[in-house]
Structures are given as structure tokens and as C-alpha cells.
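Only one structure is covered here, and it is reproduced in the block below.
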Amino acid sequence: MDGMHSACRATDTVAATSWGLRLRCGAVAGAAGGLASVVVLWLMVEPVIGRAILLEEEMHGRHEAGGAHEHGATVTRLQQQIGGTITVLVVGVLLGLAFAVIYARVQHRFSEETDLGRALSLAALAFTVVAAVPSVMVPANPPGIGSSDTVGRRTLIYLLIILVGVLFVGVVFALHRAAVDRGIAPEGRWLLTAAAVAIGALVVFSVPHVEERVPSVIPADLVWDFRVGSLVQTAALWTTMGIVHGVLLHRERERESVSLMARGR
Amino acid sequence: MNIESTPLAHRPTSSAVPLWASALAAVALLAVFLILQGNDSLLSAEMGSWLHEVTHDGRHALGVPCD
């Protein structure tokens with residue numbers, strides 16, 4: 001890769017290597033996040049899904065003794081478990097790619113000095129907006145709880161919450177920038193941001209939540225275990241993605257600046 | 001060329017993202033949605049329901065609404 005164009009690359013190394021490398025960092029970080037998420041899936045979530053499906057089968061008089069849940073498609077439990085693992089990995093890589101692009105677009109807005117710090121901040125924001133807040137308003141449920149009559153509405157609300165969350169984050173950052181432009185002191189800016197976040201949190205907790213009626217045969221601790229497992233799983237995904245993305249970018253920059261110095265002198 | 005800026009304290013100022021990269025990110029996010037929830041919006045009903053079942057555990061685990 002480093003062959004014939006090296007002479008003309010010195011000046012644009014940072015720009016030229018950026019996109020190929022950035023996307024590779026994103027994909028690798030996403031895969032790492034997906035892997036971490038899969039570990040949690042198998043340790044914390046699959047056992048609960050297994051318990052839920054047993055109960056679901058009992059409720060429905062075991063009419064689908066072979067396995068898959070109520071839709072009646074010809075997929076076995078094992079296929080669902082392997083499929084679930086692959087799904088999480090694929091979703092991880094796709095989110096990692098999107099993360100790399102969004103990171104390139106917004107990284108200068110974060111005050112952290114290092115790529116690791118900035119990537120972790122962005123990952124924490126992503127976890128909050130696409131996992132934590134939706135989990136409060138449209139909680140994750142094990143199989144056998146959600147009604148197919150309401151799934152369309154729940155999905156719409158879930159997507160709206162994420163969209164509003166992203167817009168809210170944008171508004172808070174814009175507010176912060178406006179405060180900088182007007183020369184408001186750091187303490188004032190901090191207060192402004194804290195107030196905006198507090199208002200956001202207040203809205204999240206005061207708006208009526210979409211709560212499905214949990215069938216009485218399903219124990220409360222099963223639902224609780226599932227929701228905790230699901231949140232730990234998404235937290236593992238975003239945290240690992242943020243750390244790996246930050247570390248990889250950091251290493252690339254280090255390598256870039258070393259080769260720049262070697263060529264420049 | 002700013003050789004002095006150490007990689008440790010790299011403070012980016014530009015935010016230029018080429019259009020294709022933004023499009024790629026949008027496609028990736030759309031694919032996540034299609035995999036997790038919109039299974040039958042692009043595929044035949046049969047394929048859609050197969051994908052829906054195969055992604056079942058992943059969808060529930062990631063907290064995406066489902067029945």
C-alpha cells in the first residue's frame with residue numbers, strides 16, 4: 001500500500017488515509033462491540049429468553065413443541081440463537097461504520113483531548129439516546145409479552161424517541177456553541193448544559209410510558225432480568241465500540257505523525 | 001503541515017465529511033433498522049418472516065419492540 005505514491009502523499013496523508021482507515025477502524029470497533037454484546041447475550045439474555053419461551057409454550061398449550069415462537073415459521077430455537085448472535089455482530093459492524101462517519105463529523109465538538117476520550121463520549125451519548133432513554137420509555141421485553149396489535153405503534157414511538165433524542169443532543173450542543181460565541185463563562189455554559197439535560201430527563205420520566213400488560217404467569221423477576229440483561233448488552237456494545245474506535249484512531253494518528261516526520265525532514 | 005501537534009492531543013477543527021460517507025452511514029443505519037424491525041418491507045412475505053424469526057433473539061436482546 002505504501003509504495004509508489006509516497007512522494008506526493010506526505011502533504012495529504014492525514015486527509016488521504018482518513019476515510020479508508022476511519023471506516024476500517026469503525027468496522028473493527030463495531031465488530032468488537034458486537035462481540036462484547038454477544039458475550040452478554042449468551043451469559044445474561046439467552047437464559048432469560050429460554051425461560052420466557054418455556055412459559056410461553058406452557059401458556060399456549062405447547063402447540064409449537066418444536067421450538068420457534070408464536071409466528072409459526074419453520075425456525076428452530078438453535079437457529080434463532082445462532083441467528084441472534086449473527087444479528088448482533090452484523091448490527092455491531094453496521095453501527096460501527098455509522099459511528100466512524102458521525103465521529104468524523106462531530107469529534108471537534110467534544111472537549112476531550114484524545115480520540116479515546118472523544119470516542120467514549122460519543123459512544124456514551126449514543127448509548128443514552130438509542131438504548132437508555134428508549135429503554136425507559138418503551139422497555140425491552142422478553143418474548144411472549146408484547147402484543148402483535150401494538151407492535152407497530154411501539155416501534156413508531158421507539159423510533160420517534162430516538163429521533164427526538166438525536167435532535168435534543170444537537171440542540172444542547174448548539175446551545176453550548178452559542179454560549180461560547182457570546183462569551184459566557186465556562187461555569188455559565190456548564191449550568192446551561194446541565195439545565196438542558198435536566199429538562200430533557202424530566203421530559204423522559206414524565207411522559208407516559210408505553211407499558212405492555214405482562215401476562216400474570218410471567219414472573220416479575222423474569223422481566224426484570226431480561227431488561228437488565230438487555231441494557232448491559234447494549235452498554236457493552238457501545239462502550240467496547242467507543243474504546244476500540246478511540247484506541248485504533250489514536251494508533252493511526254501516532255503512526256501518521258511518525259511517518260510525516262520521517263518524510264518531512 | 002502541523003507536525004508539532006502530538007497525536008495524543010490532536011484537536012481537530014474541520015468537520016468535512018464527503019457526501020458518500022454520509023450516505024454510507026445512512027445506508028448502514030437503514031440496514032440496521034431493516035434487519036431488526038422492517039424485515040418484510042423489502043423482502044417477500046416468506047423471506048421477511050424467515051428473517052424475522054432468525055433475528056428474533058437479537059431483536060429482543062437489543063430492546064427493539066417486538067411481539
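All values below come from the heavy atoms of this structure, side chains included, with hydrogens, waters and symmetry mates left out.
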### Task
Show the numbers, then the answer: is there a side-chain contact (heavy atoms from CB on, under 4.5 Å) between B:Trp20 and A:Val101?
CA-CA 10 Å; B:Trp20 66 264; A:Val101 176; over 6 Å; no
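- Interface remark: A:Ser147 contributes backbone atoms only to the contact with chain B (heavy atom separation under 4.5 Å).
- At a 4.5 Å heavy-atom cutoff, the contact between A:Glu46 and chain B is made by side-chain atoms alone.
- For A:Ile157, no part lies near chain B; criterion is any non-hydrogen pair under 4.5 Å.
- Counting heavy-atom pairs closer than 4.5 Å to chain B, the top-ranked of the candidates A:Val91, A:Val90, A:Ile145, A:Val48 is A:Val91.
- A donor-acceptor pair is defined here as one N or O able to donate and one able to accept, closer than 3.5 Å; no such pair exists between the side chain of B:His56 and the backbone of A:Gly84.
- The candidate with the highest count of non-hydrogen atom pairs below 4.5 Å against chain B, out of A:Thr234, A:Ile49, A:Leu231, A:Leu97, is A:Ile49.
- Side-chain atoms of A:Gln80 come within 3.5 Å of backbone atoms of B:Glu53 as a donor-acceptor pair (strictly under, hydrogens ignored).
- Residue contact with chain B, scored on non-hydrogen atoms closer than 4.5 Å, involves the backbone of A:Pro142 exclusively.
- The contact between B:Val64 and chain A is made by backbone and side chain atoms together, counting heavy-atom distances below 4.5 Å.
- The most heavy-atom pairs under 4.5 Å with chain A, out of B:Ala31, B:Ser22, B:Pro18, come from B:Pro18.
- Between the side chain of A:Ser230 and the backbone N or O of B:Ala61, at least one donor-acceptor pair lies under 3.5 Å.
- Taking the side chain as every heavy atom from C-beta outward, A:Leu94 and B:Phe33 never approach each other to under 4.5 Å.
- In this structure, chain A has a heavy atom under 4.5 Å from the side chain of B:Leu24, while its backbone stays farther away.
- Using a 4.5 Å cut-off between heavy atoms, A:Phe226 contacts chain B through its side chain alone, with no backbone atom that close.
- At a 4.5 Å heavy-atom cutoff, the contact between A:Gln233 and chain B is made by side-chain atoms alone.
- For a residue to count as touching a neighbouring chain, one of its non-hydrogen atoms must lie under 4.5 Å from one of that chain's; by this rule A:Ile86 does not touch chain B.
- With a 6.0 Å radius and a threshold of 12 heavy atoms from other residues, nucleotides or ligands, A:Trp224 has its CH2 atom at or below the threshold.
- Formation of a donor-acceptor pair under 3.5 Å by the A:Arg154 side chain with backbone atoms of B:Cys66 is found in this model.
- Between A:Thr87 and the options B:Leu51, B:Ile35, B:Asp57, a side chain to side chain contact (heavy atoms under 4.5 Å, CB included) holds for only B:Ile35.
- Pairing each heavy atom of B:Val17 with each of A:Trp19, the nearest pair is CG1-CH2, 3.9 Å.
- Considering every non-hydrogen atom in both B:Pro65 and A:Val138, the closest pair reads CG-CG1, 4.1 Å.
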